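Since the model is a prediction, treat every value here as computed from it, not as a measurement.
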Amino acid sequence: MIKYPKNVDLRRLVHFSAEDGTIWLGEHRMVLVHVAALSALRKELFQLAGPEQARRILTRMGYACGTRDAELARKIRGGQDPIDAFVVGPQLHMLEGSVKVTPVKIEMDIGAGTFYGEFIWNNSWEGQAHVEEFGPQADPVCWMLVGYASGYTSAFMDRFVLFKEVECSACGPDHCRIVGKPLEEWPDGAAHAAYYEEDAIVSRLLELTTQVDVLRSSFKEPRQIENMIGSSPSFLRAYHLVSKAAETNVTVLLSGETGVGKECFARALHQTSDRASGPFIAVNCAALPHDLIESELFGAEKGAFTGAHTTRIGKFERANGGTLFLDEIGELPLIAQSKILRVLQEGEIERLGDDQTRKVNVRIVTATNVDLQKAVKEGRFRADLFYRLNVYPIAIPPLRERALDIAPMVEAMIKKFCALHSKRVAGITDRAMQALKRYRWPGNVRELENLIERGIILTPHDDWIELEQFSLCLDSNTESDIHLSESGALEAKRSPEQVRLCDAFLATGLSLNEVESMLLGEAVERSTGNLAGAARLLGLTRPQLIYRLKRNQDAIHEKE
């Protein structure tokens, strides 16, 4: 029999956070589920989909679990003996409460791609649950557990390894026995491999149902452009206003914090309007030098000012027939504001150094992250221009109000940056995703995009983006407060500050009574002799403090 290495390294991966309502295995979220609930689920699957489809679903579910645990095995014991690294799977299967796994024989060579494994299972939850619901069986029924073994070994070996249950406790024996080897070495491998395929009848039916739902919704909702991702209520409200504005030529004012994606909304407005075939010109007003703003926006004739050696066409003319997006409109000087007001009123411009007016057909979309009404009161922004721009205001929600949108946005960003940097990653861990959802995002979507790009750059190929790969200190408490001890009991996880404090006390060589006397005396001194105040500092009642003071004084007298 093969002897397992100690599983202390695996127990350290399991953390319980009662306050957050989460359980973690490494950076992947787990749940404790009643076996009775899983048994009820199996029964429902049998009744709704039939035995074959139920088996397929459960097998694939176990396969997915095994694949995830194989990633942990490589990370935890990747540099150790191959057998010690491989048995992480059986040890985790036991730690997760699925079954007791006893290795009988393991022969493997990852380089050569050869594998043979034989294991005995005791206390299979799946075999027990099946017998309780359907009685003794003629054929093996531990499908989810077998799927786990196949998924784990296949991911570990980088080739499909099929496990079969050659004995099952649901069929009479007091244990189960499984054997695993490469698919092609099984005479009936193709028949068993069918249970791992994705194109199940149930999956096809679900896919067709989804397609029908999408077609139905397409008649009700306007098409959302590709780079606009979101389904949260606040996002949909803003996008609905954009869609309505696209049907008209109304001037739109977009407001919102820095980085919320105001330019993306402006582009969406342009692309869904009848001006989509025309140009979209974006101008950051805050980045324009004040002495060049007019020439940049309205153009300049040759010789209009020193250095104007050629005629220059301004942004308004370039955007003719399309949309001009003026970002940070609140940063424009007053003289430029007056000329923009004229364009809005008359639909014409005049180049610097020219006395000829030119008609322009431009839709103006402006954006700001400052309070324009406040700027008007302070005399920094023209009131008449504000009222012309504020005809159709749209407030873009900050990312902290769009927690539902973070996951699909992250998925799209991962695809984008993987292609940009020629990198392939497996995805983002549950712990990292939870931290992203809890973070307040002062930099909004732009900050999220920068963070994901950094995570992809730092993540090894085909690995998962983990929380530690984000340089940003996310303001969410993702550390778990309870973990598994070596005996399997739950115990509190001390903070680093508590550990340092204990180290400092122990280094003094003081006894426990001496430490207590020191703390009691310090609390009384800081409270200037007020015993009630000293008790509050120590989290005690006044009688408790008096009792401890008297007890320590008596102990000192006894020593003397």
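Residues Val87 and Ile106 meet the side-chain proximity criterion, which asks for heavy atoms closer than 4.5 Å. Contact annotation: the side chain of Pro397 never approaches that of Arg237 to less than 4.5 Å [non-hydrogen atoms, C-beta and beyond]. Proximity of Trp121 to Val101: side-chain heavy atoms (C-beta onward) are separated by under 4.5 Å at one or more points. In this structure, the side chains of Trp24 and Asp430 come closer than 4.5 Å at one or more pairs of heavy atoms. Taking 4.5 Å as the limit, some side-chain heavy atom of Met413 sits within range of a side-chain heavy atom of Val445. Inter-residue side-chain proximity for His93 and Cys65 is flagged as unmet; no heavy-atom pair is nearer than 4.5 Å. Side-chain contact between Val179 and Trp186 is present, with at least one heavy-atom pair separated by less than 4.5 Å. Side-chain atoms of Ser39 and Trp125, non-hydrogen and from C-beta on, never get closer than 4.5 Å to each other.
The two atoms that bring Asp462 and Ala426 nearest to each other are O-CB, 3.8 Å, heavy atoms only. The minimum heavy-atom distance linking Ala535 with Leu545 is given by the pair N-CD2, 3.6 Å. Closest heavy-atom contact between Leu162 and Leu183: CD2-CD1, 3.9 Å. For the pair Ala412 and Ile229, the tightest heavy-atom approach, listed with the atom from each and the gap, is CB-CD1, 3.3 Å. Taking both residues in full, the closest heavy atoms of Arg77 and Asp84 are given as NH1-O, 2.9 Å, listed atom of the first, atom of the second, then distance. Taking every heavy atom of both residues into account, Cys142 and Cys176 meet most closely at SG-SG, 4.0 Å.
Taking a cutoff of 4.0 Å between a charged side-chain nitrogen and a carboxylate oxygen, Glu516 and Arg548 qualify as a salt bridge.
Listed by chain and number, the residues in a salt bridge (charged side-chain N to carboxylate O under 4.0 Å, His left out) with Lys100 amount to none (sequence neighbours excluded).
Note that CG of Leu41 is 7.0 Å distant from CG of Leu58, once rounded to the nearest 0.5 Å. Note: Thr153 OG1 to Ile178 CD1 = 7.5 Å, rounded to the nearest 0.5 Å. Atoms CG and CE, on Asn122 and Met94 in that order, are 10.5 Å from each other to the nearest 0.5 Å. The structure places CD of Glu27 at 5.5 Å from CG of Leu467, a figure rounded to the nearest 0.5 Å. Considering CD of Glu96 and CG of Leu32, their distance stands at 10.5 Å, rounded to 0.5 Å. Summarising the geometry, atom CD1 belonging to Ile396 is positioned 11.0 Å from atom CG belonging to Asn444; distances are rounded to the nearest 0.5 Å.
Judged by distance alone, with hydrogens and angles left aside, the side-chain atoms of Glu447 form no donor-acceptor pair with the main-chain N or O of Gly259 at under 3.5 Å. The closest donor-acceptor contact from the side chain of Arg56 to the backbone of Ala194 lies under 3.5 Å. For the pair Thr114 (side chain) and Met108 (backbone), a donor-acceptor distance under 3.5 Å is absent. At least one donor-acceptor pair under 3.5 Å links the side chain of Ser243 to the backbone N or O of Tyr239. Formation of a donor-acceptor pair under 3.5 Å by the Arg177 side chain with backbone atoms of Glu167 is not found in this model. Remark: the backbone N or O of Ala49 is not paired with any side-chain donor or acceptor of Gln53 at under 3.5 angstrom. Within the 3.5 Å criterion, the main-chain N or O of Glu133 finds no donor-acceptor partner in the side chain of Lys43. For the pair Thr429 (side chain) and His28 (backbone), a donor-acceptor distance under 3.5 Å is absent. When atom types are taken as modelled, the side chain of Glu514 and the backbone of Ser511 share a donor-acceptor pair closer than 3.5 angstrom. Side-chain atoms of Lys75 never come within 3.5 Å of backbone atoms of Asp463 as a donor-acceptor pair (strictly under, hydrogens ignored).
Heavy atoms of other residues, nucleotides or ligands lying less than 6.0 angstrom from CE of Met433 number more than 12. Counting non-hydrogen atoms of other residues, nucleotides and ligands closer than 6.0 Å to OH of Tyr547 gives a total of 12 or fewer.
Paired with Asp20 under the rule salt bridge (Lys or Arg N to Asp or Glu O under 4.0 Å), one option of Lys437, Arg431, Arg438, Arg29 passes, and it is Arg438. Among Lys262, Arg446, Arg400, the one residue that satisfies the salt bridge (Lys or Arg N to Asp or Glu O under 4.0 Å) test with Glu257 is Arg400.
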>> Checking Ser169 against Gln128 for the side-chain contact (heavy atoms from CB on, under 4.5 Å) test, could you report, in this order, the C-alpha distance in whole Å, the side-chain angles of both residues, the deciding distance, and whether it holds?
In response: CA-CA 8 Å; Ser169 59; Gln128 176 186 347; over 6 Å; no
> Glu71 and Trp464: side-chain hydrogen bond (donor to acceptor under 3.5 Å, both in side chains), yes or no, with the steps?
Replying inline: CA-CA 9 Å; Glu71 297 160 6; Trp464 291 80; 2.5 Å; yes
>> With side-chain contact (heavy atoms from CB on, under 4.5 Å) as the criterion, how do Arg68 and Leu25 come out once you've worked through the C-alpha distance, each side chain's angles and the decisive distance to 0.1 Å?
In response: CA-CA 10 Å; Arg68 283 294 181 96; Leu25 178 62; over 6 Å; no
> Can Lys164 and Val146 be said to form a side-chain contact (heavy atoms from CB on, under 4.5 Å), step by step?
Replying inline: CA-CA 7 Å; Lys164 289 174 56 178; Val146 167; over 6 Å; no
> Do Val141 and Glu126 pass the side-chain contact (heavy atoms from CB on, under 4.5 Å) test, and can you show the C-alpha distance, the side-chain angles, and the key distance before you say yes or no?
Replying inline: CA-CA 7 Å; Val141 295; Glu126 198 169 13; 5.8 Å; no
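In summary, the aromatic rings of Phe86 and Tyr152 are positioned with their centroids under 6.0 Å apart. In this structure, Phe470 has its ring center no closer than 6.0 Å to that of Tyr439.
Ring-plane geometry between Trp143 and Phe46 is classed as parallel, the angle between the planes falling under 30 degrees on a 0 to 90 degree scale with a further cut at 60. Between Tyr63 and Tyr196, the two ring planes are perpendicular [angle over 60°; tilted spans 30° to 60°].
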